[in-house]
There are 2 protein chains.
Amino acid sequence: MMAQVRAMRADARRNYERLLEVAAEAFAEHGEGASLDDIAKRAGVGSGTLYRHFPTRQALLEAAYVDRIEAIAARADTLAGQLPPGEALVEWLNELGAGLTQVRGLRALLGSAVTEGSSAAATVCAGTLRSAAARLVEAAQQAGGLRQDVDAVDILRLTHGVATAVELADGEGQQIRRYLALLVEGLRA
Amino acid sequence: MMAQVRAMRADARRNYERLLEVAAEAFAEHGEGASLDDIAKRAGVGSGTLYRHFPTRQALLEAAYVDRIEAIAARADTLAGQLPPGEALVEWLNELGAGLTQVRGLRALLGSAVTEGSSAAATVCAGTLRSAAARLVEAAQQAGGLRQDVDAVDILRLTHGVATAVELADGEGQQIRRYLALLVEGLRA
DNA sequence: GTAGGATACGGAGAGGGCCCCCGGTTCTGC
DNA sequence: GCAGAACCGGGGGCCCTCTCCGTATCCTAC
């Protein structure tokens with residue numbers, strides 16, 4: 001909870017930020033399996049430096065995309081203010097789905113965010129996404145447009161599953177809307 | 001299409017079968033990522049032998065589970081003869097889903113079977129599953145219980161996605177039925 | 001401006017996985 | 001039995017992950 005006791009040293013901060021840039025590119029390009037040593041090399045640092053800043057692949061993935069996740073979460077509130085509850089949720093899921101298919105690393109991140117018993121389930125990204133989804137889900141349920149027997153995590157998990165399914169098709173952008181539409185149909189109250 | 005030009009040498013056949021046994025165990029235990037060298041070692045053969053019989057991980061996975069896949073496909077016809085078209089499809093998906101969650105390697109196999117542009121899409125397993133699903137899907141569509149704008153591959157892909165989603169939960173067996181039920185709801189005509 | 005300690009760097013190396021290759025062995029047809 | 005085809009095995013190249021510690025860099029206090 002405390003702010004950092006001490007500011008980062010200037011060189012450390014430079015490396016940290018350079019790593020994030022390179023990592024975001026690498027994950028987007030090669031998926032979540034991108035070589036970490038390669039990321040370190042491309043960032044012009046030793047692999048030790050990478051692992052010191054980001055002890056696990058998860059940590060790096062999360063740090064690289066945390067702003068994007070927050071943007072998506074913020075979008076939930078915007079949509080909630082513009083559309084009726086049910087439609088807001090649907091539209092948000094579509095936008096989330098679009099993000100998941102465009103940026104490969106994001107799908108992995110969502111996956112670990114909704115994995116029960118994973119250490120990643122307790123991270124900032126996971127919490128942010130879950131609570132954004134929960135707001136929309138609860139509103140939709142109260143408005144009566146959404147089944148009562150599902151919760152936000154169920155829906156995020158299913159969205160992740162649908163995104164996975166889409167990755168196996170080659171239709172790209174179109175497919176995610178189609179598949180999500182089917183899912184949404186099943187979720188209707 | 002031709003039968004093998006020549007029977008396998010006796011030692012080759014022994015190794016082949018021993019590898020299949022061990023592989024099925026290993027995939028079920030460690031998922032599709034199980035170490036191939038380790039499988040070779042446990043089967044008491046060199047890794048060269050493994051790679052000669054099964055040039056790719058896919059090939060081994062498929063060979064290890066082909067009989068299970070065929071059993072599932074056969075089950076489709078049984079169900080088609082016992083239940084109304086819509087229900088037969090639903091029940092079959094539930095059984096397929098149960099298989100996918102119980103045997104970890106199967107999920108990976110289904111995944112590659114429905115991946116467009118994958119070499120695995122042309123394999124025996126893929127064809128068997130697709131055509132079994134297609135029979136049920138077409139019957140259900142003709143009976144009017146299923147949307148017209150989806151095909152068997154869509155449904156298999158989504159089932160794979162749902163199984164992936166379930167793997168992230170910890171509820172195990174119960175969840176797959178729940179999640180599939182939602183999907184099925186969305187597929188109804 | 002500089003000395004000194006705290007902080008961070010970097011890349012070698014251990015460990016493990018994948019997969020190919022080829023010298024040696026084992027089986028089969030005659 | 002014997003020749004030769006068929007097959008075996010595991011060593012080795014390559015890539016990846018992750019750790020460790022001697023060295024370089026930065027910050028601070030004077």
Side-chain angles (χ1 to χ4, degrees), chain A residues 2-23 25-64 104-105 108-109 112 118-120, chain B residues 2-23 25-64 104-105 108-109 112 118-120:
Chain A
M2 285 180 55
Q4 280 181 302
V5 175
R6 197 171 183 28
M8 253 175 156
R9 233 171 68 175
D11 52 347
R13 168 158 295 284
R14 266 198 308 277
N15 285 332
Y16 183 90
E17 280 168 3
R18 182 101 185 84
L19 278 168
L20 284 187
E21 276 175 41
V22 173
E25 281 173 33
F27 285 133
E29 186 174 353
H30 301 113
E32 70 164 326
S35 159
L36 297 187
D37 272 17
D38 197 54
I39 289 174
K41 201 162 294 173
R42 281 208 260 166
V45 305
S47 50
T49 299
L50 187 155
Y51 285 100
R52 197 168 331 101
H53 285 306
F54 309 101
T56 65
R57 180 180 293 276
Q58 269 307 315
L60 179 55
L61 202 48
E62 172 152 3
R104 304 184 53 190
L109 199 47
S112 56
S118 140
S119 60
Chain B
M2 284 180 58
Q4 281 179 300
V5 174
R6 195 173 182 32
M8 255 176 154
R9 237 172 66 174
D11 54 345
R13 168 159 294 281
R14 268 198 306 277
N15 284 333
Y16 182 91
E17 280 168 3
R18 182 101 186 85
L19 278 168
L20 283 187
E21 275 175 41
V22 173
E25 281 173 32
F27 286 133
E29 185 174 353
H30 300 114
E32 69 164 326
S35 159
L36 297 188
D37 274 16
D38 197 54
I39 288 174
K41 200 162 297 175
R42 282 209 260 166
V45 304
S47 51
T49 301
L50 187 154
Y51 287 101
R52 194 168 336 98
H53 285 307
F54 310 101
T56 65
R57 176 180 295 275
Q58 268 309 313
L60 178 55
L61 202 48
E62 171 152 4
R104 303 185 55 191
L109 199 47
S112 56
S118 141
S119 60

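Just so it is clear, the model here is predicted, and its values are computed rather than measured. Values below: every heavy atom of this structure, side chains too, minus hydrogens, waters and symmetry copies.
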Between A:A108 and A:L61, what is the shortest heavy-atom contact and its length?
CB-CD2, 4.1 Å

Side chain of B:R57 only, heavy atoms from C-beta on: which candidate in D:dG9, C:dC18, C:dG10 is closest?
C:dC18

Could you measure the distance from the CD1 atom of A:I39 to the CD atom of A:E25? Nearest 0.5 Å is fine.
10.0 Å

The side chain of A:R52 lies closest to which of these nucleotides: C:dC9, C:dT28, D:dT19?
C:dC9

To the side chain of B:L36, which of D:dT19, C:dC9, C:dC19 is closest?
C:dC19

Whole-Å distance between C:dC19 P and B:L19 CG?
15 Å

Would you tell me if any nitrogen or oxygen in the side chain of A:N15 comes within less than 4.0 Å of OP1 or OP2 on C:dC9?
yes

Looking only at non-hydrogen atoms, find the nearest pair between A:R42 and A:R18 and report the distance.
O-NH2, 3.6 Å

Would you mind reading off the distance between A:I39 atom CD1 and D:dC16 atom P, rounded to a whole angstrom?
11 Å

Looking only at the side chain of A:A12 (C-beta and beyond, no hydrogens), which of the listed nucleotides D:dC26, D:dG10, C:dC9 gets closest?
C:dC9

A:H53 side chain: which of C:dC18, C:dT26, C:dC9 is closest?
C:dC9

Base, sugar-phosphate, or nothing: which does B:S35 touch, judged by heavy atoms less than 4.0 Å apart?
sugar-phosphate

Would one find a side-chain N or O of B:T49 under 4.0 angstrom from OP1 or OP2 of D:dG9?
yes

Record whether the side chain of B:R9 comes under 3.5 Å of the base of D:dA6 through a donor-acceptor pair of N or O atoms.
yes

Counting heavy atoms from C-beta on, name the nucleotide in C:dC18, C:dG10, C:dC9 closest to the side chain of A:D11.
C:dC9

For a quick test of reading the model: is some side-chain N or O of B:R13 closer than 4.0 Å to OP1 or OP2 of D:dA6?
no

Give the rounded distance in Å between these two atoms: CG of A:L50 and P of D:dT17.
9 Å

Side chains of A:H53 and A:L60: closer than 4.5 Å at any heavy-atom pair?
no

Under-4.0 Å side-chain N/O to phosphate OP1/OP2 contact, B:Y51 with C:dC20:
no

Applying a 4.0 Å non-hydrogen cut-off, can you work out what A:A34 is touching in the nucleic acid: base, sugar-phosphate, or nothing?
sugar-phosphate

Salt-bridge criterion met for B:K41 and B:D37 (N-O under 4.0 Å):
no

